[in-house]
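Single-structure report; data block below.
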Amino acid sequence: MITLRILIVLLGATLAVSAISLPGSPRSRRVLHERRDAPPHGWTLHRRADPDTVLPLSIALRQSNMHNLDDYLQDIADPESPNYGQWWTPARVVETFRPSAHTLDTVRTWLAEEDIASDRVQMSKDGGYLRANVTVTEAERLLATEYYVYQHEDGSEDVGCHHGYHLPAHVVEHVDLVMPTVQFETVRLHGYSKQRKRRAVAQAQARDAHAKAAGYMKRPNGVAPKKATQIWMDVEHCDQLATIDCFRALYNFYPNLTETKKNTIGVVELGDQLLNLGDLKMFLEKFNPNAAENVPKFIGIDTDTNAGNLTTATDPNFISEGDLDFELVIGLLGAEQEVQLYEVGSGGSVNFFLDGIDGSFCTFEGGDDPNIDGVIPNEDCGTAPPANVFSVSFTGGEDLPPFYMQRECQEFGKLTMTGITFLFASGDDGVASNGDNLCLADNGTAVPGPGNFLPNFPSTCPYVTAVGATQVDPGKSVHDPESAPTAFGSGGGFSNVFPRAHFQHRQVAQYLHQLGDAVDPRLFNRTGRAIPDVSANGFPTAAVIDANYTIVGGSSAATPIWAAVVVAINDARLAHGKGPIYSHLFADAFHDVTNGTNPGCGTDGFPAMPGWDPVTGLGTPNFPVLLKRFLALK
Ligand SMILES: *[C@@H]1O[C@H](CO)[C@@H](O)[C@H](O)[C@H]1NC(C)=O
Ligand SMILES: *[C@@H]1O[C@H](CO)[C@@H](O)[C@H](O)[C@H]1NC(C)=O
Ligand SMILES: *[C@@H]1O[C@H](CO)[C@@H](O)[C@H](O)[C@H]1NC(C)=O
Ligand SMILES: *[C@@H]1O[C@H](CO)[C@@H](O)[C@H](O)[C@H]1NC(C)=O
Ligand SMILES: *[C@@H]1O[C@H](CO)[C@@H](O)[C@H](O)[C@H]1NC(C)=O
Ligand SMILES: *[C@@H]1O[C@H](CO)[C@@H](O)[C@H](O)[C@H]1NC(C)=O
Ligand SMILES: *[C@@H]1O[C@H](CO)[C@@H](O)[C@H](O)[C@H]1NC(C)=O
């Protein structure tokens with residue numbers, strides 16, 4: 001989706017196009033491809049779109065072999081397979097999934113028949129997208145729809161057709177989705193003017209982008225972060241202040257890293273969330289003095305922030321997530337480990353990040369898909385080298401259009417084929433959506449609760465590792481079993497979009513059997529991909545923010561902790577996918593968390609239980625055993 005500001009700019013350039021006459025070509029039968037029952041929460045339909053407005057129409061072509069993705073992954077991630085651990089090259093991934101010539105021909109021919117001349121149509125590098133600038137009149141005819149301007153509560157406007165759009169019956173199987181139509185992702189924060197961006201950043205607290213920082217300190221309904229009144233330096237008070245030493249003691253995490261330059265970790269900050277290097281240093285000097293000089297390498301993606309900002313930013317609204325993430329990662333991994341900061345600007349789209357690390361995903365050479373990502377001069381496209389492990393403490397409700405989420409998730413799957421591990425926070429609002437506490441009405445619309453459970457995306461994408469949070473119970477020690485946190489609900493549940501991953505089938509079926517009907521079965525989708533996969537301590541986390549010792553928390557804290565564990569395993573040997581961790585061989589590699597619930601949507605949420613559960617996943621890491629189990633795989 002794009003902003004009106006951009007539309008007006010485009011308008012002048014392409015008025016001539018709108019004069020094109022209606023085609024006389026025969027039309028094949030149209031079928032509804034996508035619709036939304038209602039505009040997303042906070043948006044209302046405002047008026048019909050101007051017929052001459054120009055839309056940068058983007059058609060995501062059906063990719064080849066996508067139905068084989070799980071088999072390909074299994075082939076390289078299943079220890080029983082002869083190809084175990086043999087990651088694909090990016091080029092092989094692109095060639096394998098490139099849309100077929102037949103698909104390309106069918107869609108091109110359809111466009112030509114509708115008088116969208118072929119010289120107006122561009123194709124992305126990996127052949128995945130076709131794009132053309134068309135007027136609203138042309139788009140309405142092409143898609144048998146009506147375009148509207150929508151207004152957000154905050155006054156910003158977007159254009160789309162939430163009632164749905166139609167494709168010819170013979171085209172439908174060749175197209176995943178067309179944009180801008182029913183997507184309302186992130187664009188509200190886009191439109192790349194400094195002024196708009198400043199406003200966007202200012203709004204980020206109240207109405208974050210699609211992916212919200214999964215941090216206790218950012219919960220609109222949560223308790224504010226509080227100053228730590230006493231800084232415990234022992235591991236006897238981890239119920240009151242969870243420090244680096246607490247995590248080491250809890251998970252027996254004393255790695256001796258040797259591949260610290262080859263084996264990289266990227267921490268992703270979306271929406272211009274920053275890190276303050278002074279805070280990082282102050283934290284490390286206190287909790288891991290050896291690592292105090294370790295400074296992350298700055299990699300900017302679509303941002304006007306630069307490495308210099310890392311010494312000046314002090315607003316807790318913008319540094320809390322970044323400070324926490326790096327304090328934990330470097331605090332745990334020490335002086336030598338190379339750590340990269342992927343600073344993603346312009347409002348917080350996960351797609352920006354994907355564009356930055358995977359040039360083949362960009363719609364144009366050196367450019368991108370402006371209707372999703374806004375129009376950005378000199379957009380980064382494949383300019384950021386990917387790391388082996390990515391920690392992303394941002395997630396948001398799974399209430400985007402399903403085709404849109406599926407396409408983005410496929411992209412994670414393709415990158416996973418090349419050996420990259422993505423860890424995403426599972427959220428901090430229990431069974432409701434992260435940050436805004438929405439649930440699903442019976443008609444499928446996201447509404448303030450109560451309602452059906454609404455898990456978070458991208459954590460529900462089966463190709464990423466979803467990380468939930470735990471706590472040491474009040475009065476208990478690091479030697480006692482942890483529980484689900486009580487200060488907030490650890491995000492978890494069942495996807496309504498992605499089916500249950502094959503590798504988790506046995507464990508999840510066992511949980512559902514134990515659960516019986518203790519949770520109303522109408523509230524969640526038992527066939528869906530189940531999250532989280534794993535968990536780690538997420539409260540009450542010690543952090544330095546704006547030069548103060550602060551207590552924060554969330555699956556935001558748990559995710560970088562798990563990322564550090566994965567890095568330490570990779571250091572010894574690449575941890576080949578997460579499928580194996582669900583096998584019985586790994587049963588003793590986790591501390592099972594069996595106590596607590598994750599309330600939300602007017603319910604207590606799910607109960608934690610022995611084995612996997614939708615509150616804490618398989619449990620927290622028992623590092624030495626986890627390492628041993630991975631090394632034992634051939
Ligand atoms: C869906 O249900 C919600 C809650 O009951 C209601 O507010 C909304 O108007 C409904 N939307 C449609 C399109 O029926
Ligand atoms: C659409 O118009 C924009 C702005 O004029 C231009 O930068 C872009 O290249 C055009 N895209 C296509 C596919 O022609
Ligand atoms: C790292 O080295 C220390 C000291 O030799 C040892 O105690 C510890 O067990 C080692 N860690 C691992 C994971 O092997
Ligand atoms: C980063 O610093 C640059 C140059 O000082 C400034 O123009 C920009 O606005 C800063 N960005 C942020 C997000 O503070
Ligand atoms: C339940 O999840 C499956 C995916 O596993 C999906 O196909 C189905 O539409 C979902 N059902 C509902 C009611 O959301
Ligand atoms: C940090 O402490 C200073 C001085 O006490 C205070 O002004 C500031 O608001 C504090 N920041 C946070 C995030 O608590
Ligand atoms: C279970 O968790 C609660 C907090 O939710 C805690 O008070 C209680 O001690 C825990 N019980 C056990 C057996 O760990």
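Atoms within each ligand, like the ligands themselves, are counted from 1 in listed order.
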*Check the pair F247 / F623 against ring-ring contact (aromatic ring centres under 6.0 Å, His included), numbers first and verdict last.*
CA-CA 11 Å; F247 310 136; F623 176 67; over 10 Å; no
*Mind checking ring-ring contact (aromatic ring centres under 6.0 Å, His included) for F590 and listing every partner two or more places apart, or none if nothing turns up?*
none
Enumerate the pairs of nitrogen or oxygen atoms, one from ligand 5 and one from the protein, separated by less than 3.5 angstrom; state names and distance to 0.1 Å.
unit_1   : atom_1 : unit_2 : atom_2 : d
ligand 5 : 2 (O)  : N525   : OD1    : 3.2
ligand 5 : 2 (O)  : N525   : ND2    : 2.3
ligand 5 : 2 (O)  : T527   : OG1    : 3.4
ligand 5 : 5 (O)  : T527   : O      : 3.4
ligand 5 : 5 (O)  : T527   : OG1    : 3.2
ligand 5 : 11 (N) : N525   : ND2    : 2.8

*Min side-chain heavy-atom separation L438-H41 under 4.5 Å*: yes
*Return the orientation label for the Y511 and W612 ring planes: parallel under 30°, perpendicular over 60°, tilted otherwise.*
perpendicular
_Can you tell me how the ring of Y582 sits relative to the ring of F503, calling it parallel under 30°, perpendicular over 60° and tilted otherwise?_
tilted
*Distance (rounded to the nearest 0.5 Å) between N570 CG and N388 CG*: 6.0 Å
